[in-house]
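Below is one structure, written out as structure tokens; comments come after it.
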Amino acid sequence: MKIVFTLLFVLVNLFGAKVVEVEEKYQTSDKCKACHMHIVKEWEESWHSKSHYKNDEYFRATTDYVSRKTRRSLSSIKVECATCHNPRISVTSTGIDYEIMAAMKLDKGSKVNKALASSAIGEGINCVVCHNVDKIHADRDATVRGINRVSWTDSGVMSGPFNDAKSPYHQTKYRDFMDNNSEQLCFVCHANDRSESGHVFIDMQSEYKKSDKSCVDCHMGPKRESFAASLPIDNGKVKKRDVRTHGFVGAHTSSMWKGVLNLSLKQSGSDIDITIANPQPHNIPSGFGSRELIVELIYMKETKNIATKNISLTRHFLSKREKPTVPHLAVKSSKDMSIPAQGEKTIKVPNEKGATSVEVKLYYRLVNDEVRSILKLKDAIWTNKSFITSQKLKLK
Ligand code: HEC
Ligand code: HEC
Ligand code: HEC
Ligand code: HEC
Ligand code: HEC
């Protein structure tokens with residue numbers, strides 16, 4: 001235990017995030033609307049804008065659950081998760097002194113509570129999270145993420161993809177991680193997600209197979225001619241620029257799942273071989289633990305449905321007591337059932353007697369049954385299945 005404490009202490013000292021306070025005129029996205037309305041609107045639809053306690057039921061339920069199970073204050077857990085979910089928070093860690101104060105209900109008006117209530121963090125991953133990154137410390141240990149992996153620009157300096165941008169409202173700074181090296185920016189948070197006891201349940205950086213497309217090509221769309229600011233800065237006209245969309249669409253948008261994976265079927269003796277191929281550069285599912293692929297088999301005898309089977313491809317997480325738990329409390333997990341980046345997986349399923357054909361349908365779900373019931377998630381998006389693809393096979 002002592003070693004762990006010493007190590008933590010050293011890490012905090014070496015990589016402790018330096019907080020840079022953001023002036024009110026830049027803090028929230030409404031301050032950007034006058035000139036970047038179109039971008040603010042796109043971002044508002046994204047899950048980056050929902051990535052916090054108030055707006056994401058799954059995140060909120062997990063935070064509450066981790067607090068209850070570890071018997072630590074909810075505020076401490078919130079500060080911990082803020083590392084990636086609310087990186088402009090002004091307090092970056094809490095100590096045992098805060099825990100004691102919180103337990104005795106003496107934490108009202110404390111620095112921690114003020115930081116958590118601040119409007120500066122009420123928007124999750126907002127404009128001044130990404131556009132105030134000055135440096136990314138990619139050389140730091142792989143466990144050091146979010147807030148601890150970056151240095152911030154001074155308040156009012158926006159880092160961006162253009163080296164000739166001028167704005168009357170703020171200063172600008174070209175950064176290559178906003179341009180041709182943007183994967184580094186995404187990996188600040190989308191990598192090395194780990195439980196309280198250090199069990200890494202997702203690491204998009206190590207599974208990633210670099211291809212000709214980078215994260216922004218797929219999740220912000222291709223570059224297209226439009227404008228960055230609606231202010232007429234180009235001889236009285238709006239300046240034309242090649243830009244992308246700030247939608248960061250992904251797993252939560254059901255329609256995005258169509259055709260993401262490929263299916264092929266083969267009869268081999270009394271089995272059906274189902275091969276699922278993933279052309280994407282990261283695993284599917286990925287991003288977070290307890291995501292799920294569902295393989296549905298519908299066996300037909302001529303035109304009559306004679307049987308249906310559902311197979312869940314997901315990962316289960318076990319607590320210290322070997323009980324099913326959420327990813328953030330896991331000490332170990334079952335086999336990774338995701339389809340590897342640019343790879344494939346084959347599963348064998350027994351045939352059904354008398355069947356003359358089988359239809360296989362593939363779906364994605366954000367949360368598997370186990371974790372959804374542990375957290376009692378209510379919103380329909382956690383139960384809904386997103387259709388990916390289907391195939392039919394005649395049986396001999
Ligand atoms: C400061 C941390 C951080 C950075 C930097 C970051 N993300 Fe995210 N991202 C998150 C968090 C947290 C979520 C989860 C939001 C939620 O589901 O509540 C997320 C969610 C997403 C999603 C899922 C959306 C969905 O609908 O399922 C995509 C896609 C995504 N980010 C892409 C990117 C890309 C591309 C980059 C780099 C340009 C990037 N992110 C940079 C933290 C970050
Ligand atoms: C998750 C990180 C992230 C967040 C959050 C984010 N941006 Fe961006 N932004 C980027 C990246 C990456 C680019 C560069 C895209 C490219 O051209 O390759 C960019 C580009 C821009 C540009 C240049 C024009 C363009 O579209 O390429 C402007 C202006 C901008 N962002 C404003 C904003 C505003 C305003 C917000 C908040 C509403 C915001 N951004 C939120 C990552 C982010
Ligand atoms: C009064 C208008 C105005 C407001 C308000 C404004 N900007 Fe800008 N911004 C501009 C102009 C003009 C440019 C330059 C556009 C160009 O060169 O095409 C710009 C450029 C940018 C860029 C690209 C910088 C680069 O070097 O590539 C980013 C990022 C950005 N703004 C973010 C923000 C954010 C975040 C906010 C809100 C906190 C904001 N802006 C508020 C006018 C504004
Ligand atoms: C060739 C396109 C492509 C590239 C490049 C790519 N992705 Fe994806 N990503 C997808 C597809 C397709 C999905 C499935 C959902 C969807 O269609 O948006 C997905 C899903 C995701 C999800 C949600 C996963 C889940 O199951 O919760 C995240 C987070 C994500 N990507 C982040 C990233 C990051 C970060 C990078 C860069 C390191 C990246 N992606 C690069 C195509 C891509
Ligand atoms: C290393 C950075 C990092 C830290 C620290 C972190 N997260 Fe996340 N978290 C992410 C990213 C990135 C995503 C988005 C993945 C995706 O959408 O596929 C995410 C997504 C999630 C989701 C899924 C949300 C959804 O809508 O599907 C939950 C739940 C979650 N985090 C809970 C937590 C909790 C609770 C903590 C603190 C105990 C925490 N996270 C700390 C990076 C982090």
Side-chain angles (χ1 to χ4, degrees), residues 22 25-36 39-40 46-52 55-67 77-78 80-87 124-133 143 145-147 149-150 156 158-170 172-175 177-179 182-196 202 204 214-216 218-220 227-231 233-234 238-241 243 247-253 256 285-291 326-328 366-367 375 381-382:
V22 190
K25 68 184 277 211
Y26 306 112
Q27 255 177 27
T28 48
S29 59
D30 58 315
K31 301 291 192 294
C32 320
K33 280 183 177 167
C35 308
H36 304 293
I39 298 179
V40 177
S46 80
W47 277 77
H48 280 147
S49 81
K50 302 189 177 77
S51 67
H52 53 98
N55 278 356
D56 185 331
E57 184 193 11
Y58 188 11
F59 177 63
R60 182 168 59 245
T62 306
T63 313
D64 292 346
Y65 191 76
V66 170
S67 160
I77 305 298
K78 281 186 180 173
E80 193 182 303
C81 311
T83 309
C84 297
H85 285 259
N86 289 106
I125 322 279
N126 74 353
C127 323
V128 288
V129 171
C130 292
H131 291 293
N132 278 6
V133 173
T143 58
R145 293 288 158 184
I147 217 170
R149 208 171 177 78
V150 299
M158 304 298 160
S159 46
F162 308 125
N163 53 21
D164 61 344
K166 280 195 186 65
S167 159
Y169 193 72
H170 52 76
T172 62
K173 214 177 209 181
Y174 169 80
R175 285 289 176 260
F177 55 76
M178 282 286 159
D179 184 16
S182 56
E183 275 150 20
Q184 285 306 328
L185 177 65
C186 315
F187 286 145
V188 166
C189 306
H190 286 272
N192 217 279
D193 210 353
R194 46 185 39 228
S195 72
E196 294 294 307
I202 278 293
M204 293 194 83
S214 64
C215 319
V216 290
C218 296
H219 294 289
M220 293 180 83
F227 56 91
S230 52
L231 205 67
I233 47 166
D234 197 15
V238 167
K239 195 177 173 81
K240 282 188 183 157
R241 291 283 196 186
V243 302
F248 300 99
V249 276
H252 294 70
T253 308
M256 290 301 294
S286 185
F288 193 63
S290 306
R291 304 279 201 224
V326 300
H328 276 284
L366 287 161
V367 199
L375 296 175
I381 64 162
W382 315 119

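Below, each value reflects all heavy atoms present in this structure, side chains not excepted, and no hydrogens, waters or symmetry copies. A quick note: this is a predicted structure, and the numbers were derived from the prediction, not measured. All ligand and atom numbering here is 1-based and tracks the order in the structure.
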With a 4.5 Å cut-off on side-chain heavy atoms, are F162 and M178 touching?
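Result no, sub-4.5 Å side-chain heavy-atom pair not found.
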Those atoms of ligand 1 less than 4.0 Å from some heavy atom in [X]:
X: A251; value: 25 (C), 26 (O), 27 (O)
X: C215; value: 35 (C)
X: V249; value: 29 (C)
X: C84; value: 1 (C), 2 (C)

Numbering the atoms of ligand 3 from 1, which are under 4.0 Å from a heavy atom of K239?
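Going through ligand 3 atom by atom, the ones under 4.0 Å from K239 are 17 (O), 18 (O).
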Verify the neighbour count for atom NZ of K240: are there more than 12 heavy atoms of other residues, nucleotides or ligands below 6.0 Å?
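Open.
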For [atom], what is the nearest protein heavy atom, given as residue, atom name and distance?
atom: atom 34 (C) of ligand 3; value: C32 SG, 3.5 Å
atom: atom 14 (C) of ligand 1; value: S51 CB, 4.2 Å
atom: atom 5 (C) of ligand 1; value: L185 O, 3.3 Å
atom: atom 17 (O) of ligand 3; value: R241 NH2, 2.9 Å
atom: atom 13 (C) of ligand 1; value: H48 CD2, 4.3 Å
atom: atom 12 (C) of ligand 3; value: K166 O, 3.5 Å
atom: atom 28 (C) of ligand 3; value: M158 CB, 4.0 Å
atom: atom 21 (C) of ligand 3; value: H170 CE1, 3.4 Å
atom: atom 27 (O) of ligand 3; value: F162 N, 2.8 Å
atom: atom 29 (C) of ligand 3; value: H131 ND1, 3.2 Å
atom: atom 2 (C) of ligand 3; value: C35 SG, 1.9 Å

Between H252 and ligand 5, find which residue part has any heavy-atom pair under 4.0 Å and reply side chain, backbone, both or neither.
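The side chain, only.
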At a non-hydrogen distance cut-off of under 4.0 Å, which region of W382 contacts ligand 5 (side chain, backbone, both, or neither)?
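Only the side chain of W382 comes within reach of ligand 5.
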In ligand 5, which numbered atoms sit nearer than 4.0 Å to a non-hydrogen atom of [X]?
X: R291; result: 16 (C), 17 (O), 18 (O), 27 (O)
X: T62; result: 29 (C), 35 (C)
X: D56; result: 24 (C), 25 (C), 26 (O)
X: C189; result: 1 (C), 2 (C), 12 (C), 42 (C)

State if F248 counts as touching ligand 1 under the rule of any non-hydrogen atom under 4.0 Å.
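Heavy atoms of F248 do come under 4.0 Å of ligand 1.
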Donor-acceptor side-chain pairing of S167 and H170 below 3.5 angstrom
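Distance-only check passes for S167 and H170.
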My understanding is that we take every heavy atom of each candidate and find the minimum distance to atom 6 (C) of ligand 1. Doing that for M220, H190, Q184, R145, which one comes out nearest?
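The option holding the nearest heavy atom is H190.
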So, is H219 polar-close to ligand 1, with some N/O to N/O distance under 3.5 Å?
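H219 vs ligand 1: no N/O contact under 3.5 Å.
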Answer yes or no for H328: is there an N/O/S atom below the 2.8 Å cut-off from atom 8 (Fe) of ligand 5?
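Not a single backbone or side-chain N, O or S atom of H328 is under 2.8 Å from atom 8 (Fe) of ligand 5.
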For S29, state whether at least one heavy atom is located under 4.0 Å from any atom of ligand 3.
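The answer is no: ligand 3 sits nowhere under 4.0 Å from a heavy atom of S29.
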Within-shell test, V128 vs ligand 3, heavy atom, strictly < 4.0 Å:
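No heavy atom of V128 comes that close to ligand 3.
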Flag W47 as yes when one of its N or O atoms lies below 3.5 Å from any N or O atom of ligand 5, and as no otherwise.
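No; every N/O pair is 3.5 Å or more apart.
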What I want to know is whether T63 and ligand 5 share at least one N or O pair that is separated by under 3.5 angstrom.
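N/O-N/O distance below 3.5 Å does not exist for this pair.
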N, O or S atom within H36 nearest to atom 8 (Fe) of ligand 3, by name
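Checking each N, O and S atom of H36, the shortest distance to atom 8 (Fe) of ligand 3 belongs to NE2.
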Any N or O of P161 that comes nearer than 3.5 Å to an N or O of ligand 3?
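The answer is yes, given that P161 and ligand 3 share an N or O pair closer than 3.5 Å.
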Give me the ring orientation class for Y58 and F288: parallel if the planes are under 30° apart, tilted from 30 to 60°, perpendicular past 60°.
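The rings of Y58 and F288 stand perpendicular, inter-plane angle above 60°.
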Which atom, counting only N, O or S, brings H85 closest to atom 8 (Fe) of ligand 5?
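Atom name returned: NE2.
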